[in-house]
Structure formats: structure tokens, C-alpha cells
Q: 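Pasting a structure below so you can have a look.
Computed from a predicted model, the values in this text were never measured in an experiment. Counting starts at 1 for both ligands and their atoms, in listed order.
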Amino acid sequence: MGNKIIALNNETRALKQQSTPSKSASSQGKVWLVGSGPGDAELLTVKALRIIQQADLILYDALVSDEIRALFPEQTAALFVGKSKNHHSISQSALNELLVTKAAEGFNICRLKGGDPFIFGRGGEEALTLRKIGVDVEIVPGITAASGCTSYAGIPLTHRGMAQACTFITAHGETGLNLDWHALARPAQTLVIYMGLSKLPDIRRELSYHGMPTNTPAALISNGCRPEQQTVIGTLETLPELAKQHQLPSPTLVVIGEVVTLAPALNWFNTLIESEQHELSA
Ligand code: SAH
């Protein structure tokens, strides 16, 4: 176990002594893998909020918003275990080890993730590791970015007459961008791409090469469901330039398909900063 984990251990032990664990220290603790949704604290489920309030220890990711972190009880140890530019992070194996050790010590742990733990959130890996060695695990689903961000941008993912299917894609998988581009380029569907911000030129190249018209409507939604949300609308062709021009930060979600054309009419959260309407109707 590395120094960082030892530091975390000392910190949590000190804090645990001040708090009242819901189980005696001798019994095995439990891990709740909890989805925090995309940002707005009111999008937490009632169950997620209860687990946050009752846990002995909260381990949270970079995607957990400030608004949600503000709900952590003051007396509860809360540790950042995510990956982000400004913070140190721990490896997935070190994190798994931390979860196992703390559960064995009797901590009831809220492992809080952005969105939904089972959608591009590595929740499956953590749950498998824990169950393999007999740690009790419960999964609390959350609103995934695809659903939350598009709702707040006014983009109905499967609007009748426009999309009969919706596909969630990661641009950062173990296989890289080794996707079935031919199937993804077909009409009458919506593509939602997670972790795609740095891959926009590749996404444009592959989709257009496999037959998607370059004037297909497309949107970029950054910081979805948060006060700083920005929604930019263009086309498959203009996606990389729009991201650059507006310096869109992480996290940003990419949405491609005709449903994007509804955003100017349904943009109830007022986050539309650019919409290339002339191109969409061309
Ligand atoms: N488990 C998460 C996804 C983790 S992958 C979920 O279900 O939402 C991380 C990617 O999700 C980011 O790179 C971004 O593409 C997307 N994402 C997550 N939260 C977001 C938000 N609030 N706004 C925009 N994109 C978001």
C-alpha cells in the first residue's frame, strides 16, 4: 500500500473516532456504490441522499459536483479518490484495496460517483472486486449524463419521427475508438458520446467516412445540470472548431442526431450559447 493510502487511512481513522459508526468496529462494513447524477443536487435520488447522510466514510470522484459535496455531513470523513488535473489520484487497484480494507474495519462506505455508477463509471469493476472477497455491496443508480445533460439542454433523445434508437458510446474505452462506425453512422438514431471532447476530429472523420452527412446536427454540453452549463449547437462538421472556439471545459458530452434541432425551442435552462440554425435547416 502506498503513502497516499496510508495518509488516507490515518485521516479516516482520526475522523472515525469522532463520528458514530452505524456498525460496531468489529463487524464487517458495507459498500454502497452510489450515482450522484450529473451535478444538480436535486437530481440525487432520495436513497443516494440517505446513504450520503448515514455513511461512515465517503469516497468521491471528480465528477461529483460542488453542490453535492456541500451536502456531505461535516462529521463524516470524505476523501477525493478521483482522477483530475488539479488533484492527486489513486490507482483503481489502490482504491479497490482501500474499499476492501475499510469495509473489513467496519466502515459503512458511500462510494460516490458522477452520473450512474454502471455507465462508464467503473462501478462494475469495483463491485466485482468487493463481492469476490465477500464484502456486501449495494448499487444505487443515478441519472447518467446522457439523460441529465440532454434534458437540461432541451434535447429529447428519442423524439418520435427523429430517432428510433439512442446509443451511449465512450470515446475512451480499452479498445480506443475501435467502434462499429458503419452502424453508428446510420440515420434515425441519436449518438451520445462520453469522454469525447478530445476526440472530436476522430469522431468527425470516422462518422463522415462511414456515411453520416457532415451537416448532421450535433451538440456539445459542458458542465451539464450545473449553473455553469453551456450548450453549443452545430453540425458534425463544425464540432471540433466549436469546442475550440468556446474553450469548452471538461466534463463535456457530445450528442449527434436530428433531435439536437429541438434544443433552440426546448432550451428551458437557458444554456444555449451558440446555435448554427442556418446550417441545420440547410
Ligand atoms: N458515470 C458517468 C459517466 C462517467 S464518464 C455518468 O453516468 O454520467 C465521464 C464523462 O461523462 C465525461 O467525460 C463527460 O463526457 C460525461 N459527463 C459526466 N457528467 C457530465 C456533466 N455534468 N456534463 C457534461 N458531461 C458530463
Side-chain angles (χ1 to χ4, degrees), residues 32-45 48 59-70 80-87 89 92 95 110-127 139-155 157 166-177 179 190-200 202-203 218-233 239-240 242-243 246-257 260 263 267 269-273:
W32 282 262
L33 282 176
V34 180
S36 70
D40 184 344
E42 290 197 336
L43 294 182
L44 277 172
T45 60
L59 300 178
Y60 65 95
D61 279 349
L63 282 173
V64 174
S65 68
D66 294 347
E67 217 179 284
I68 289 170
R69 290 210 303 273
F80 174 80
V81 292
K83 293 160 193 68
S84 99
K85 279 180 213 143
N86 308 322
H87 293 86
S89 61
Q92 189 68 38
L95 174 57
C110 172
R111 172 72 184 100
L112 194 60
K113 291 169 168 287
D116 182 282
F118 275 4
I119 298 190
F120 306 130
R122 297 192 171 206
E125 286 165 58
E126 287 174 29
I139 316 294
V140 183
I143 293 179
T144 191
S147 176
C149 301
T150 56
S151 290
Y152 277 46
I155 301 173
L157 286 176
C166 174
T167 306
F168 295 177
I169 301 156
T170 172
H172 193 74
E174 300 211 319
T175 50
L177 281 178
L179 295 161
T190 307
L191 307 182
V192 182
I193 308 176
Y194 290 69
M195 293 173 270
L197 188 59
S198 61
K199 302 277 171 50
L200 292 173
D202 305 318
I203 292 166
L220 295 165
I221 308 168
S222 68
N223 280 311
C225 308
R226 302 170 187 199
E228 61 274 29
Q229 176 173 334
Q230 292 182 305
T231 307
V232 179
I233 292 182
L239 275 181
L242 286 174
H246 294 283
Q247 299 188 335
L248 293 178
S250 204
T252 288
L253 193 74
V254 186
V255 185
I256 303 175
V260 166
N267 160 47
F269 197 49
N270 293 324
T271 62
L272 207 52
I273 55 169

Q: Would you mind finding which of I143, T252, N223 brings a heavy atom closest to atom 14 (C) of ligand 1?
A: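 It is T252 that holds the nearest heavy atom.
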Q: Considering distance alone, does some N or O of G224 sit under 3.5 Å from an N or O of ligand 1?
A: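 Between G224 and ligand 1 (N or O atoms, distance only) the closest approach is under 3.5 Å.
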Q: Less than 3.5 Å between some nitrogen or oxygen of G196 and one of ligand 1, yes or no?
A: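 No; every N/O pair is 3.5 Å or more apart.
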Q: Looking only at protein heavy atoms, which one is nearest to atom 2 (C) of ligand 1, and what is the separation?
A: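 Here the closest protein heavy atom is G114 O, 3.3 Å.
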Q: Under 4.0 angstrom from ligand 1, any heavy atom of G39?
A: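 Per 4.0 Å heavy-atom rule, G39 does not contact ligand 1.
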Q: Among all the protein's non-hydrogen atoms, which is closest to atom 26 (C) of ligand 1, and how far away is it?
A: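 Looking only at protein heavy atoms, the one closest to atom 26 (C) of ligand 1 is P251 CB, 3.5 Å.
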Q: Between D116 and ligand 1, does any nitrogen or oxygen pair lie at a separation below 3.5 Å?
A: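 Between D116 and ligand 1 (N or O atoms, distance only) the closest approach is under 3.5 Å.
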Q: Using a plain distance cutoff, I'd like to know if P117 has any nitrogen or oxygen under 3.5 Å from a nitrogen or oxygen of ligand 1.
A: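 In fact, backbone or side chain, P117 has no N or O that close.
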Q: Counting only heavy atoms not in E42 (residues, nucleotides, ligands), do more than 12 fall under 6.0 Å from its CD?
A: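 Atom CD in E42 is not crowded, with 12 or fewer foreign heavy atoms closer than 6.0 Å.
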Q: May I ask whether R226 places a heavy atom under 4.0 Å from ligand 1?
A: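 It does, in that a heavy atom of R226 comes within the 4.0 Å cut-off of ligand 1.
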Q: Between the side chains of S36 and Y60, does any donor sit under 3.5 Å from an acceptor?
A: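 No.
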Q: Pick, from T144, L253, V64, the option with the minimum heavy-atom distance to atom 7 (O) of ligand 1.
A: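 That would be T144.
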